[in-house]
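In what follows, a structure is listed as structure tokens, so that the remarks can point back to it.
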Amino acid sequence: MKKILLVVMDGIGFSSTGIGDAVALAKTPTLDRFLKEYPNVRLKAHGSAVGLPSDDDMGNSEVGHNALGCGQIYSQGARLVNESIESGKLYESDTWKKIIKNVVEEGTLHLLGLLSDGNVHSNITHLFALLKRAKSDGVKRVRVHILLDGRDVPATSALDYTEQLEAVMADLNDSGFDACIASGGGRMKITMDRYQADWAMVERGWNTHVKGEGRAFDSAKTAIETYREENPGIIDQDLPPFVICDNGEPVGRIADGDSVILFNFRGDRAIEISLAFDNDEFSGFDRGKRPDVVYAGMLQYDGDLKLPNLYLVNPPEINNTLSELLVKNGVRQYAVSETQKFGHVTYFWNGNKSGKFSEELETYKEIESDKISFDQAPKMKSAEITQDVIAAIESGRYDFIRCNFPNGDMVGHTGNIDATIIGVEAVDSALAQLEKVCNENGILLMVTADHGNADEMLEKSKKGELEPRTAHSLNAVPLIVCDGSLKLKAGDESKYGLANVAPTIVELLELTPPDCWEEGLLLR
């Protein structure tokens, strides 16, 4: 049985436009050589290949690692919610009924989440559906707390989404129904931290949404325009928090007796704010008096932690994962990344399951990420990850090692193309070091990615002008097997996707994949 190292170059794909391609602009002699010398294929990493509703939907790290680690395609995120809303199943759930019953006589329904149609963390159409159903079910007062995107959608598109929301609420509002925006701010400034990297970010969101503390404005539009005037060049994800006030008072503090729905469907950036609402023994920050509310998520963001306790849509039950198969066959595994992607090589890789399938056969290592904007240190922790993987290889203890280099994605999200080029070059340097050590130790090196990002850092505005792009791309990603004696099946992203990686690994390990998996790509 071969020993294998799989490297996930997060956010590094093949540009289809040539516009703002930080991967091509970077000096990547190792990756360039791999693509010339070793068998490789292009994989689809978005849309239907990762369980999303359509091929207009960008892939993301969560569904990407689900597919990579599970060898199967499951309905994910937006598609799950779409199906539940369209069938009416969401509104038939005990959670929806409890949420509505709690506020139908008195109290306020609060809807909190990312305001965009990026389909990565949320979709604005889901918010519209909840608003309309809440009115039809007798709710009288709704307050919306908006997190501005500019990351999975154009960088300065916030006003487009706030205008859409304001129009929907204007159509719904009448003498018996009152809905309005209550608070907001950029997603990278408040509320949506992940992996407990920056609790202060969540605290700012709590103070904004719950306590109504912060800079006051008469509308979200005024807040956004004012912050842009005061901070030239700022993009939506970085806009400071704001509170909407009327006669000096916040229009939507969250109070005892209210109901709160977090309408994001993606889990990683929903967990910490959910802990703040839903956890009695909370230590992330000083919440003050926690309001006594009925709190629910769009999905359950962590099944093992049962977080949150109430949720509207059941998550996919992903079984027969690669890790499960390897444990059953006694294969020793090692997984490592820095904080920003540690959950992706563990929780998401294992089919949305926390913990391990075997304490004896699996080892996980988290390297703490820096708490700064990643364009300030675009190499991130690539050197530390590389040295950790080298130590794992040289220990001789592991049969399958996986690691994730976050640079292409996390630096790419800042919109800083020069910094992203440095980040991509850091990953290429890591590949060179890892190839050498793999060759010295008889390890087969495989290289792939979970979605594109750094490959498309610019886009044309409605006026035809180039502007920074901070979102993921729809581009294909590589699968490279660094052994010239092997061959892969012919095909490209129109035929193969990320879910074909796990069965290829299993073929190389000379094991038998489950019947429910996609096909392997090794050409016998």
Side-chain angles (χ1 to χ4, degrees), residues 17 19-20 52-54 56-58 60 77-78 81-82 111-132 142-173 179-192 208 217-244 263-266 269 298 413-415 453 456-474:
T17 66
I19 300 174
L52 295 172
S54 78
D56 291 329
D57 295 321
M58 294 175 289
N60 62 64
V81 179
N82 290 348
L111 301 174
L112 165 65
L114 186 66
L115 189 73
S116 83
D117 57 3
N119 257 7
V120 175
H121 290 270
S122 69
N123 193 303
I124 195 171
T125 62
H126 300 160
L127 171 60
F128 296 164
L130 297 182
L131 279 165
K132 294 171 183 176
V142 178
R143 294 296 180 259
V144 185
H145 305 267
I146 60 174
L147 302 168
L148 307 178
D149 195 345
R151 190 176 177 95
D152 300 321
V153 293
T156 55
S157 57
L159 287 176
D160 294 338
Y161 297 110
T162 55
E163 288 170 4
Q164 291 178 47
L165 174 57
E166 295 281 15
V168 168
M169 291 189 297
D171 286 342
L172 292 171
N173 284 342
C180 68
I181 296 172
S183 71
R187 58 179 282 183
M188 297 306 289
K189 284 295 182 182
I190 62 171
T191 312
M192 283 179 60
T208 303
F217 294 90
D218 61 0
S219 72
K221 182 175 186 289
T222 302
I224 294 166
E225 290 177 340
T226 300
Y227 283 143
R228 286 179 178 173
E229 289 174 5
E230 294 176 351
N231 303 276
I234 196 169
I235 59 179
D236 296 340
Q237 65 179 354
D238 296 322
L239 288 170
F242 56 86
V243 177
I244 306 305
F263 60 83
N264 286 9
F265 48 72
R266 176 168 146 179
R269 293 190 184 274
M298 183 65 85
H413 276 312
T414 69
N453 185 335
E456 199 167 326
M457 296 287 297
L458 295 171
E459 61 186 352
K460 288 186 178 180
S461 68
K462 294 179 181 179
K463 296 180 181 179
E465 300 171 347
L466 288 178
E467 60 183 17
R469 177 185 171 90
T470 55
H472 297 167
S473 74
L474 300 175

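The figures here come from the full heavy-atom set of this structure, side chains too, leaving out hydrogens, waters and symmetry mates. Computed from a predicted structure; not experimentally measured.
E166 has its side chain out of reach of E163: every pair of non-hydrogen atoms, C-beta onward, lies at least 4.5 Å apart. Side-chain atoms of Y227 and I234, non-hydrogen and from C-beta on, never get closer than 4.5 Å to each other. Between L131 and L165 there is a side-chain heavy-atom pair separated by less than 4.5 Å. Here the side chains of L159 and K221 are in contact, with some heavy-atom distance below 4.5 Å. Put simply, the side chain of C180 does not reach to within 4.5 Å of the side chain of I244, judged on heavy atoms. The shortest distance between side-chain heavy atoms of E459 and L466 does not fall below 4.5 Å. Counting heavy atoms from C-beta outward, T191 and H145 have side chains that stay 4.5 Å or more apart.
Once rounded to the nearest 0.5 Å, the distance linking NZ of K132 with CG of L127 reads 10.0 Å. In this structure, CD on E467 lies 13.0 Å from CE on M457, to the nearest 0.5 angstrom. Going from atom OG1 of T162 over to atom CG of D160 covers 7.5 Å, rounded to the nearest 0.5 Å. Rounding to the nearest 0.5 angstrom, the gap separating the CE atom in M58 from the CG atom in L474 is 7.0 Å. Interatomic distance, N119 CG to D56 CG, rounded to the nearest 0.5 Å: 9.5 Å. One distance of note links CG of L148 with CG of L239; it measures 6.0 Å at 0.5 Å rounding.
The two residues I146 and A220 have their closest heavy-atom pair at CD1-CB, 4.1 Å. Contact detail for F263 and M298: the closest heavy-atom pair is O-CE, 3.7 Å. Of all non-hydrogen atoms in P468 and A155, the two that sit nearest each other are O-CB, 3.9 Å. The two atoms that bring F265 and N123 nearest to each other are CE2-N, 3.8 Å, heavy atoms only. When all heavy atoms of P241 and T208 are compared, the pair lying nearest together is CB-OG1, 3.4 Å.
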- Begin from the C-alpha positions of L115 and D149 and carry the test side-chain contact (heavy atoms from CB on, under 4.5 Å) through to its verdict. CA-CA 7 Å; L115 189 73; D149 195 345; over 6 Å; no
- Begin from the C-alpha positions of F242 and T226 and carry the test side-chain contact (heavy atoms from CB on, under 4.5 Å) through to its verdict. CA-CA 11 Å; F242 56 86; T226 300; over 6 Å; no
- Message: The test is side-chain contact (heavy atoms from CB on, under 4.5 Å); show your working for T414 and I235 and say whether it passes.
- Response: CA-CA 9 Å; T414 69; I235 59 179; over 6 Å; no
- Query: Checking side-chain contact (heavy atoms from CB on, under 4.5 Å) for the pair M169/I181: CA distance, chi angles, key distance, verdict?
  - Reply: CA-CA 9 Å; M169 291 189 297; I181 296 172; 3.8 Å; yes
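Listed for the D236 side chain is a donor-acceptor partner under 3.5 Å among the backbone atoms of A158. R469 places a side-chain N or O within 3.5 Å of a backbone atom of H472 that can act as its donor or acceptor partner. In terms of modelled atom types and a separation under 3.5 Å, the side chain of T470 and the main chain of G150 share a donor-acceptor contact. A donor-acceptor pair under 3.5 Å is formed between the side chain of S122 and the backbone N or O of L114.
Checking R187 against H121 by side-chain atom types alone, a donor-acceptor pair falls below 3.5 Å.
Q237 pairs in a side chain to side chain donor-acceptor pair (under 3.5 Å) with only one of the listed residues (H413, R151, K189), which is R151.
Of the charged side-chain nitrogens involved, none lies within less than 4.0 Å of a carboxylate oxygen, so that R266 and D152 do not count as a salt-bridged pair.
Residues meeting the side chain to side chain donor-acceptor pair (under 3.5 Å) test with D238, sequence neighbours left out: none.
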